[in-house]
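What follows is a short report on a single structure.
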Amino acid sequence: MTDQSHITVILDRTGSMDSIRSDVIGGFNAFLTEQQSASAATTFTLVQFDSQDPYEVLHAAKPIGDVTPLTREQYVPRASTPLYDAMGRGILDLESQIATRPESERPSKIIFVVVTDGAENASQEFDRAAITKLVDAKKAAGWDFVFLSADMEAFHDAGAVGIDYSSRLAFQKSKRGNDAAWAAASSKVRARVMGAAEKLAFDDNDRDSSR
């Protein structure tokens, strides 16, 4: 393995996100900018999802410096929430992509970030049991999972599929809540990538500021 990191972001693009569309775009772009400022070799994948297109890949394992900001033309909220399908395909695609690299070129840190404002309601390929099995296997392999949610049902469901409470953050569906959640995640991810943190965990200040 190398000292390289990989970050995947699975981004909810469903209709209920329309009320915070500009905030999500701004929050993601601030997150991207902070990760690009880190002096670490990192690749980056961005996938957005809804029931019309459950898995739209905007960037696939690109060097993070080559990743461009998200635009309003790309991020157009619509339809419903195949959350499990997006997560399942994201995990398996990343697993496959990493497996094609020589052992000496595989990332030593893998951070998988999910951002949603709603609970699962439209998946066709994956169910809760399948996602739990995948998350448990990848946690055992050292992957970090981060879950940001503006919906408490989805927040609790993320725990049911194996994502630790410490790496889940609920946020108020407002500009303030959205911005605080992205900022907290960005800080924690950057610290993990830079080797300044052994694990990725939110604290009480992060939770209070995102409410």
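We number each residue from 1, following the sequence as shown. Atoms considered below: every heavy atom in the structure, side chains included; atoms not considered: hydrogens, waters and symmetry mates.
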Under the criterion side chain to side chain contact (heavy atoms under 4.5 Å, CB included), I'd like the reasoning laid out for Phe171 against Arg211: C-alpha separation, chi angles, the key distance, then a yes or no. CA-CA 5 Å; Phe171 65 92; Arg211 291 174 182 167; over 6 Å; no
Would the distance check show the side chain of Arg168 and the main-chain N or O of Leu148 forming a donor-acceptor pair, the cut-off being under 3.5 Å? no
Mark yes when over 12 heavy atoms from residues, nucleotides or ligands other than Glu153 sit less than 6.0 Å from its CD; otherwise mark no. no
Same cluster or not: are Leu32 and Ile7 linked, directly or through other Ile, Leu, Val, Met, Phe, Trp or Tyr residues, by side-chain heavy atoms under 4.5 angstrom apart? yes
When you check the gap from the basic side-chain N to the acidic O, do Lys133 and Asp136 get nearer than 4.0 Å? no
So, Arg128 and Asp157, do they make that salt bridge, N to O below 4.0 Å? yes
I would like to know whether Lys139 and Asp164 meet salt bridge (charged side-chain N to carboxylate O under 4.0 Å, His left out); could you show each step before the answer? CA-CA 10 Å; Lys139 282 170 56 182; Asp164 297 337; 3.0 Å; yes
If I take atom CD from residue Glu120 and atom OG1 from residue Thr81, how far apart are they, to the nearest 0.5 angstrom? 7.5 Å
Shortest non-hydrogen contact from Ala170 toward Met152: CB-SD, 3.7 Å
So, do Arg13 and Tyr75 sit near enough that their side-chain heavy atoms are less than 4.5 Å apart? yes
In sequence, state the C-alpha distance, the side-chain angles, and the governing distance for Val146 and Lys188, and then conclude on side chain to side chain contact (heavy atoms under 4.5 Å, CB included). CA-CA 10 Å; Val146 179; Lys188 304 302 183 186; over 6 Å; no
Mind running side chain to side chain contact (heavy atoms under 4.5 Å, CB included) on Gln52 and Ser80 for me, showing each step along the way? CA-CA 8 Å; Gln52 291 184 36; Ser80 52; over 6 Å; no
Residues in side-chain contact (heavy atoms from CB on, under 4.5 Å) contact with Ser149, at least two apart in sequence or another chain: Thr116, Phe147, Asp151, Ala154, Phe155
Indicate, with yes or no, if Val67 and Leu11 share a hydrophobic cluster defined by side-chain heavy-atom contacts under 4.5 Å among Ile, Leu, Val, Met, Phe, Trp and Tyr. yes
Check Arg176 with Asp23, please: is the shortest side-chain N to carboxylate O separation under 4.0 Å? no
Answer whether the closest heavy-atom distance between the side chains of Arg72 and Ser22 falls below 4.5 Å. yes
For Arg101, the side chain to side chain donor-acceptor pair (under 3.5 Å) test, sequence neighbours excluded, returns Gln97
Is the shortest side-chain heavy-atom distance between Leu92 and Leu134 below 4.5 Å? yes
Salt bridge (charged side-chain N to carboxylate O under 4.0 Å, His left out), that's the test. Do Arg78 and Asp18 meet it? Break it down for me. CA-CA 8 Å; Arg78 63 191 187 182; Asp18 190 60; over 6 Å; no
Sequence-distant partners of Phe49, ring pair (Phe, Tyr, Trp, His ring centres under 6.0 Å), two or more places apart: none
Could you tell me whether a side-chain N or O of Asn29 sits under 3.5 Å from a main-chain N or O of Ile25, the two making a donor and an acceptor? yes
Taking only residues two or more places apart in sequence, or in another chain, which ones meet Phe145 in a ring pair (Phe, Tyr, Trp, His ring centres under 6.0 Å)? Phe112
State plainly whether one hydrophobic cluster holds both Met87 and Val57, where clusters connect Ile, Leu, Val, Met, Phe, Trp and Tyr through side-chain heavy atoms under 4.5 angstrom apart. yes
Please verify the inter-ring angle class for Phe28 with Trp182; under 30° counts as parallel, over 60° as perpendicular, anything in between as tilted. perpendicular
With a 4.5 Å heavy-atom cut-off, do Arg190 and Ser37 have their side chains touching? yes
Does Arg192 come within less than 4.0 Å of Asp144, counting only side-chain N to carboxylate O? yes
Rounded distance [0.5 Å steps], CD in Gln172 versus CG in Asp179: 11.5 Å
For Leu169 and Ser210, the nearest pair of non-hydrogen atoms, with its separation, is CD2-OG, 3.6 Å
Any donor-acceptor pair under 3.5 Å linking the side chain of Asp206 with the backbone of Asp203? yes
Under the 3.5 angstrom rule, does the side chain of Ser187 hit a backbone N or O of Ala184 as a donor-acceptor pair? no
Grouping I, L, V, M, F, W and Y whenever their side-chain heavy atoms are under 4.5 Å apart, do Val114 and Val47 come out in a common cluster? yes
For the side chain of Ser51 and the backbone of Ala122, is there at least one donor-acceptor N/O pair under 3.5 Å apart? no
With no hydrogens and no angle check, just 3.5 Å: does a side-chain donor-acceptor pair link Thr43 and His6? yes
Judged by atom type as modelled, is there a donor-acceptor pair below 3.5 Å linking the side chain of Asp50 to the main-chain atoms of Ala79? no
Less than 4.5 Å apart, any side-chain heavy atom of Ile111 and any of Thr8? no
Only counting residues at least two apart or in another chain, list the ones meeting side-chain contact (heavy atoms from CB on, under 4.5 Å) with Thr71. Glu73, Gln74
How about Leu58 and Leu70: do any of their side-chain heavy atoms sit closer than 4.5 Å? yes
Measure the spacing between OH of Tyr84 and OG of Ser123 and express it to the nearest 0.5 Å. 8.0 Å
Backbone of Arg106 reached by a side-chain donor or acceptor of Gln4 within 3.5 Å: no
Connected via hydrophobic side-chain network under 4.5 Å: Ile131 and Tyr165: no
Have Ser186 and Gln35 got a donor and an acceptor in their side chains that come within less than 3.5 Å? yes
Short N-O contact, Lys62 and Asp66, less than 4.0 angstrom: no
Working to the nearest 0.5 angstrom, can you tell me the gap between Met194 CE and Ser5 OG? 9.5 Å
What is the minimum heavy-atom distance between Ile163 and Ser167, and which atoms define it? CG2-OG, 3.7 Å
A side-chain contact here means heavy atoms from C-beta on lying under 4.5 Å apart; do Val135 and Ile91 qualify? yes
A side-chain contact here means heavy atoms from C-beta on lying under 4.5 Å apart; do Val115 and Ile10 qualify? no
Ser16: what forms a side-chain contact (heavy atoms from CB on, under 4.5 Å) with it, not counting sequence neighbours? Thr14, Asp117, Lys173
Side-chain donor/acceptor of Glu56 to backbone N/O of Gln48, under 3.5 Å: no
Is it true that Asp3 and Lys109 have a side-chain N and a carboxylate O under 4.0 angstrom from each other? yes
